[in-house]
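First the proteins, then the strands, lettered A, B, ... as listed; each starts at 1.
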Amino acid sequence: MSRSRWRKVEDTWSCALHGRILSLRQDATHLYYQASFSEQLVEPLTPPFSAPGSKIDSLPEDDDTEALIHHYLNLRPDLTKLYEQWSNVDANFKKKAPRFAGVRILRQDAWEALVGFICSSNNNIIRISQMMEKLCSHYGPLVGYIGVTPYHDMPSPIILADPKVESQLRQLGFGYRAKYLYQTAVQICHGHDDGWLDNLRNPESPIMGQKVAAAGEMQPGGRAGYRVAHEQLLALQGVGPKVADCVCLMGLGWGEAVPVDTHVWQIAQRDYKFGKGKHSSLTKATYDAVGDRFRSLWGKEAGWAHSVLFTADLRVFSERLSAKIDVDTVKVEAESLGPDAAATSAPVIGTKIEITETKIKREFLEEEGHDGSVSSKTVSRGKRRKKM
DNA sequence: TCCATACCTGGGAT
DNA sequence: AATCCCAGGTATG
């Protein structure tokens, strides 16, 4: 959401991801993709891999892009079944959700989600995206170009743990979030072991190539692993309950995480009887109560259901805006929909996506840019970037 | 615990 | 033109 690094050019969305530039486009029946690999910045994949220095042709069977897309877009869960389940237990969901079928929670990289949501505090979508853009272009590895536009990946925490970074980010317009990002990077690099963040992940939703493991019993407050992850994240600078839950949900695979932001708080008051008596204001206790309520109502994937309602609400809001306000319609829509415009106009952006068909077919093979608009390079998986 | 207040920035509204 | 207000929160007293 939000802090998404995806960029749209005409009808195609592109982003540097896992050492490649991934481009997506969809029509009524298919999702099309194209991947352009960097020769020098290929991510290590599953541990036992090809010998260093060996080159592999970009044959389809060697390309994990399709697996990456399936993973990233979280295409496995049966949405029809989930929607049915949520509708059966919640009349409000049943009423609001049907128009928004197809919304999925992306499986983002945990570190990227953390950085993005730290930037999101008391901020607007447009600026959050610009900040992520700046962060990557100034500190992240260059993966390649589309036309003359460079695409950078996320900078690793160690890059941001440099003492100079805080003032530099201030200079770049990050405001008080400059300190949060720097301090969080320091905490992660010097206060925790390697892999600490990713180890907070839901074992039922492992990163690509890892095996699934059981995550334990569901409780009103969520599974034990979720509660641990949430608590650990809270110790980071600039991370409060809302940001922690966003990272848990979008970055760590904990479906029961329910981020309660201002919008969700409005929904909770309007449709779920919050806002009175004991829970008249959004204190920590109320925050937890809202999460518990939604978890007991919707279950293990409460965060997903909540995102559907959230998206529904934003949509209605934007429709009201464009109906009542007679200004540049395009502009109004772009601003009010923000990253969740994904649900209507784009296959991917922000944290949620909508796909009319999950069938994916290959549009291009990796080769030199068709019309010069996309530059591609031969896949080279032998070279591994130093792990960081 | 709960509540109030400050916090960077930039665009839109008054 | 100047100022106010707000935006997907968090830290502090």
Q) Quick check, are the ring centers of A:Tyr272 and A:Phe294 under 6.0 angstrom apart? A) yes

Q. Tell me, which of residues 165-185 of chain A have any heavy atom that sits under 4.0 Å from an atom in DNA chain C?
A. A:Tyr176, A:Tyr180

Q.
With a 4.0 Å cut-off on N to O distance, would you call A:Arg7 and A:Glu133 a salt bridge?
A. yes

Q: State whether A:Arg20 and A:Asp64 are salt-bridged, where the test is any N-O pair (Lys NZ or Arg NE/NH1/NH2 against Asp/Glu carboxylate O) under 4.0 Å.
A: yes

Q) Quantified in whole Å, what is the P atom distance between nucleotide C:dC6 and nucleotide B:dT5? A) 15 Å

Q.
Can you measure A:Tyr287 atom OH to C:dT10 atom P for me and round it to whole angstrom units?
A. 7 Å

Q) When the ring planes of A:Trp86 and A:Phe93 are compared, do they come out parallel, tilted or perpendicular, using 30° and 60° as the limits? A) perpendicular

Q. Counting only side-chain N and O atoms of A:Thr283, is one of them less than 4.0 Å from OP1 or OP2 of B:dT1?
A. no

(Q) Please find the pair of heavy atoms, one from A:Asp153 and one from A:Ala16, that lie closest to each other, and give the distance. (A) OD1-O, 3.8 Å

(Q) Rounded to whole Å, how long is the line connecting atom CG of A:Asp313 with atom C1' of C:dG8? (A) 12 Å

Q | Listed partners of A:Arg295 passing salt bridge (charged side-chain N to carboxylate O under 4.0 Å, His left out), at least two apart | A | A:Asp292

Q.
Please enumerate all residues that pass side chain to side chain contact (heavy atoms under 4.5 Å, CB included) together with A:His71, with sequence neighbours excluded.
A. A:Arg107, A:Met208

(Q) Please report the distance, rounded to the nearest Å, between CD1 in A:Ile125 and C1' in B:dT9. (A) 15 Å

Q: Enumerate, in order of first residue number, the stems that involve DNA chain C, defined as 3 or more consecutive Watson-Crick or G-U wobble pairs with both distances under 3.5 Å.
A: B:3-7 with C:9-13, B:9-14 with C:2-7

Q.
Taking the C1' atom in each of C:dT12 and B:dT1, what is the distance between them to the nearest angstrom?
A. 15 Å

Q. Considering only the P atoms, how many Å lie between C:dC5 and B:dA6, rounded to the nearest integer?
A. 14 Å

Q. In whole Å, what is the span from the CG atom of A:Asn122 to the C1' atom of B:dC8?
A. 9 Å

**Q.** Option passing salt bridge (Lys or Arg N to Asp or Glu O under 4.0 Å) with A:Glu256 (candidates A:Arg223, A:Lys300, A:Arg227)
**A.** A:Arg223

Q: Check the surroundings of atom CG in A:Asp78: do more than 12 heavy atoms from other residues, nucleotides or ligands lie under 6.0 Å from it?
A: yes

Q) Which whole-number value in Å describes the distance from A:Lys242 NZ to C:dA7 P? A) 13 Å

Q) Got a sec? Which of residues 264-273 of chain A come in under 4.0 Å of DNA chain B, heavy atoms? A) none

Q) On a whole-Å scale, what distance lies between the P atoms belonging to C:dA1 and B:dT9? A) 24 Å

Q | Whole angstrom value for the distance that separates P of B:dT9 from CD of A:Gln130 | A | 14 Å

Q) Using a cut-off of 4.0 Å on non-hydrogen atoms, how would the nucleic acid contact of A:Pro259 be classed: base, sugar-phosphate, or nothing? A) nothing

**Q.** Residues that A:Asp198 engages under salt bridge (charged side-chain N to carboxylate O under 4.0 Å, His left out), provided they are two or more places apart
**A.** none

Q. In whole angstrom, what separates A:Met250's CE from C:dG8's P?
A. 14 Å

Q.
Between C:dG8 and B:dC3, how many Å separate the two P atoms, rounded to a whole number?
A. 24 Å

Q.
Please pick, from B:dC2, B:dC8, C:dG8, the nucleotide with the shortest atom-to-atom distance to any side-chain atom of A:Arg127.
A. B:dC8

Q: Quick one: list whatever passes side-chain hydrogen bond (donor to acceptor under 3.5 Å, both in side chains) with A:Gln232, sequence neighbours left out.
A: A:Trp196

**Q.** A:Lys284 and A:Asp288 ion-paired at < 4.0 Å
**A.** yes

Q) Nearest to the side chain of A:Pro241 - C:dT10, B:dC2, C:dG9? A) C:dT10

Q | Closest to the A:Ser281 side chain, choosing from C:dT10, B:dC2, B:dC3 | A | B:dC3

Q: For C:dA11 versus B:dC2, give the span between their C1' atoms, rounded off to a whole number of Å.
A: 15 Å

Q. What are the residues of residues 292-305 of chain A, sorted by number, that bring a heavy atom to within less than 4.0 Å of DNA chain C?
A. none

**Q.** Sidechain N-carboxylate O distance under 4.0 Å for A:Asp109, A:Arg5
**A.** no

Contacts under 3.5 angstrom, residues 157-169 of chain A side chains, donor-acceptor by atom type, not counting sequence neighbours:
{"residue": "A:Asp162", "atom": "OD1", "partner": "A:Lys164", "partner atom": "N", "Å": "2.7"}
{"residue": "A:Ser167", "atom": "OG", "partner": "A:Lys164", "partner atom": "O", "Å": "3.1"}
{"residue": "A:Gln168", "atom": "OE1", "partner": "A:Tyr139", "partner atom": "OH", "Å": "2.5"}

Q) side-chain hydrogen bond (donor to acceptor under 3.5 Å, both in side chains) with A:Asn124: which residues, sequence neighbours excluded? A) none

Q) For A:Tyr151, what residues pass the side-chain hydrogen bond (donor to acceptor under 3.5 Å, both in side chains) criterion, not counting sequence neighbours? A) none

Q: With a 4.0 Å heavy-atom cut-off, tell me which residues in residues 225-239 of chain A come close to DNA chain C, sorted by residue number.
A: A:Leu236, A:Gln237, A:Gly238, A:Val239

(Q) Check this one for me: any side-chain N or O of A:Lys278 less than 4.0 Å away from OP1 or OP2 of B:dC2? (A) yes

Q: For A:Arg270, look at atom CZ and say whether over 12 heavy atoms of other residues, nucleotides or ligands are found less than 6.0 Å away.
A: yes

